[in-house]
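Below is one structure; the comments refer to it alone.
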Amino acid sequence: MLELNKSGTDRSEPGRLPAQDPGPDAAPDTRPAGDSPSSGPDAAADRVPLRPYLIAGAILCALYFLYAYFQYARFGSPSWDLGIFEQEVRAYAGFDAPVVDIKGPGYLILGDHFSPIVALLAPLYWIWPSAESLLFAQAALFALGAVIVGRTTQQILGGRSGLCVTVAYGLSWGIQEAVKADFHEIAFAVPLLALVCRALLLKRYTAALLWSLPLVLVKEDLGATVAVVGFLLFVYGRRLQGALLAVFGVAAFAVTLVVLIPAASSAGRYDYWTKIDKNGEQDVSMLDSVLGVLDSSVKIEMLVFLIGITAFMALRSPLTLLILPTLGWRLLSQDSNHWGMVWHYSAILMPVLFLALADGVRRSRGSHRPWLASYAKVAVPVAAAIAVAMTQHLPLRDLLRPDTYRTDDARSQAARAALDAIPAGSRVETDITLMAHLTSDRTVYWVGGAPGTAPDIVAINLDFGWSRPIQDPVAYAEQLHPEARYRLKHRGGSFVVMERTTPEPAKIPGVRGD
């Protein structure tokens, strides 16, 4: 069960959640109250060297980017998301509205997910206008989270615990699966949540409040997480700050979902409500959704591994409450993609859980339960061992395989030849395989998602996994766009490029005239 008791004892005062005491062996703290102590244990903690963690972070950043880069170079993107985010960042870099044609011609992406923080990548994109720049940015943000989590752990626990937790966090399945899933906006939330948890553990409550505010610009659901930060501040004694932050989080959550996203959406609503109240075409009541939160072995496995990677010590820390909003919507969702251990959804939980591990160990060291105090001494290396052992079944294991670094195989060569057949500046309709390689200098549509546009090029991978095999690619292109005629321009391997032979339409959906 979640341990809310005071460190060094298994008894707690009614109505309080103090939980910040360093333990019975720590020297008494006689300094004046404040957010930034300059003496006592915290001052000693501030002297923890930064360099080892920067080195560890640089190594992790290199591993993450190496994996993501070679997956991209081998045309192995698992979804359309990388192309979507590059179109968004490209628009910001050009000081344009964030229109993402992959989601539909002229589609304003803020009407899908509210993530304006992605605009911060525009300066990097000016220097490096490619999807690879987004993959590097995500690798750096994840590695920054490792630096914060590891150094904070050493400040709290001392010894070599910080580097052990850096390894455990850096190799955690939530981070590795997010790296495999290409870029997502939640990369910004990872270091921000690490900073929030760090500030809470070091009693820097004003810093915790300030670091939590930008979370509402990362994704629409994180307002609820901000509200939980406010709750923790309230029970830690910062009543006014906590109450105001909780109100802000709830208000941001509600306004974003009810006002901002519908205002930007062409449909005038938040489309993802259907993930909770519909299972396919079947309506699902909220009561049924609530009763079904643990109705799948996939959900239960995910929950066990979430806490298990911390050797279950995260259950001893109130910080674990911060994962509840994200877990809540995922377990309520009818979309099975949200339930398991794949994709990027668990990445934002990793910094919270590993700093909760550090807090849980600190609380347990002085426990009156001998078995718990003894277990606390080995929990950190156990967590590191779990992470290392699990990696043999996770994406980064591929970095040990020579085939990972081969980009000259027949499929990749055929894909690059198809890219060369597509002129820069053209409007292209394509599938996931080529998508993120085209978005830097072409207008890209999702195949079948741009009716009436008569794109200049239709490029498809016949091995993409169509519901029915495509026997005649030209006929398929003309079926998608009966307003135009196409001819075969290039064919190599499984890749086919077709170009329009009829004039461009006078009016193209989603494209404004000059």
Side-chain angles (χ1 to χ4, degrees), residues 61-62 64-110 112-113 115-144 178-179 181-188 217-218 344 407 412 415-446 450 453 455-457 459 495 497 510-512 514:
C61 179
Y64 299 152
F65 180 64
L66 198 63
Y67 180 93
Y69 170 78
F70 279 101
Q71 178 174 256
Y72 172 81
R74 288 182 285 108
F75 297 86
S77 292
S79 75
W80 64 355
D81 290 346
L82 182 57
I84 286 174
F85 282 107
E86 186 181 0
Q87 282 193 336
E88 180 179 3
V89 174
R90 180 184 172 191
Y92 285 129
F95 300 100
D96 295 321
V99 169
V100 173
D101 292 304
I102 291 172
K103 292 283 289 185
Y107 190 96
L108 187 61
I109 197 63
L110 294 179
D112 185 55
H113 289 302
S115 306
I117 200 168
V118 171
L120 294 178
L121 294 178
L124 176 61
Y125 198 80
W126 295 335
I127 302 168
W128 190 359
S130 167
E132 296 156 274
S133 64
L134 277 64
L135 298 175
F136 176 78
Q138 176 168 272
L141 289 166
F142 285 169
L144 176 59
V179 170
D182 285 338
F183 178 85
H184 288 89
E185 72 287 283
I186 53 88
F188 287 97
L217 303 178
V218 177
H344 58 288
T407 59
S412 297
R416 280 191 287 273
L419 291 177
D420 292 340
I422 302 174
S426 58
R427 294 183 301 109
V428 187
E429 186 168 352
T430 189
D431 58 69
I432 289 169
T433 316
L434 299 177
M435 184 172 287
H437 295 263
L438 294 167
T439 44
S440 62
D441 58 359
R442 286 97 160 174
T443 298
V444 180
Y445 304 116
W446 167 245
T453 59
D456 307 314
I457 298 289
F495 294 91
V497 177
V511 176
R512 292 176 298 178
D514 294 333

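Not measured: the values here are computed from a predicted model. This chain uses plain numbering: 1 for the first residue, then up along the sequence.
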Reported [atom1]-to-[atom2] distance for the pair [X] and [Y], which is rounded to 0.5 angstrom:
X      : Y      : atom1 : atom2 : answer
Asp441 : Ser130 : CG    : OG    : 9.5 Å
Ser133 : Gln138 : OG    : CD    : 12.0 Å
Arg74  : Thr407 : CZ    : OG1   : 9.0 Å
His113 : Ile84  : NE2   : CD1   : 8.5 Å
Met435 : Arg442 : CE    : CZ    : 13.5 Å
Phe183 : Glu132 : CZ    : CD    : 14.5 Å

Would you check if [X] and [Y] make a side-chain contact, meaning some heavy-atom pair closer than 4.5 Å?
X      : Y      : answer
Trp446 : Lys103 : no
Ile457 : Pro423 : yes
Tyr445 : Thr453 : yes

Taking all non-hydrogen atoms of both residues, which atom of [X] and which atom of [Y] are closest, and how far apart?
X      : Y      : result
Ile102 : Gln87  : N-OE1, 3.1 Å
Tyr64  : Ala143 : CE1-N, 4.0 Å
Ile422 : Ala418 : CG1-O, 3.3 Å
Val218 : Ile186 : CG1-CA, 4.1 Å
Phe75  : Thr433 : CD2-O, 3.6 Å
Ser77  : Ile432 : O-CG2, 3.4 Å

message: Under a 3.5 Å cutoff, is there a donor and acceptor pairing between the side chains of Thr443 and Asp101?
response: no
Any side-chain donor near an acceptor of the partner, Asp182 and Gln71, under 3.5 Å: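 Checked: Asp182/Gln71 side chains pair up, N/O donor to acceptor below 3.5 Å.
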message: For His437 together with Tyr72, are the ring centres under 6.0 Å from each other?
response: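 Aromatic pair counts; centres sit under 6.0 Å.
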task: Test Leu134 against Val89 for side chain to side chain contact (heavy atoms under 4.5 Å, CB included), laying out the working first.
output: CA-CA 9 Å; Leu134 277 64; Val89 174; 4.2 Å; yes
query: Would Leu120 and Phe188 count as a side chain to side chain contact (heavy atoms under 4.5 Å, CB included) if you check the C-alpha gap in whole Å, the side-chain angles of each, and the deciding distance to 0.1 Å?
result: CA-CA 10 Å; Leu120 294 178; Phe188 287 97; 4.3 Å; yes
Tabulate below the donor-acceptor pairs under 3.5 Å that side-chain atoms of residues 121-129 make, not counting sequence neighbours, or state none.
residue : atom : partner : partner atom : Å
Tyr125  : OH   : Glu86   : OE2          : 2.6
Trp126  : NE1  : Ala93   : O            : 2.8

task: Could you tell me whether the side chain of Ser426 and the main chain of Val428 form a donor-acceptor pair under 3.5 Å?
output: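 Looks like no, no N/O pair under 3.5 Å.
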Other residues, nucleotides, ligands: >12 heavy atoms within 6.0 Å of Tyr69 OH: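 Count not over threshold, so no.
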task: Output, in order, the C-alpha distance, side-chain angles, deciding distance and verdict of side chain to side chain contact (heavy atoms under 4.5 Å, CB included) for Ile109 and Val99.
output: CA-CA 6 Å; Ile109 197 63; Val99 169; over 6 Å; no
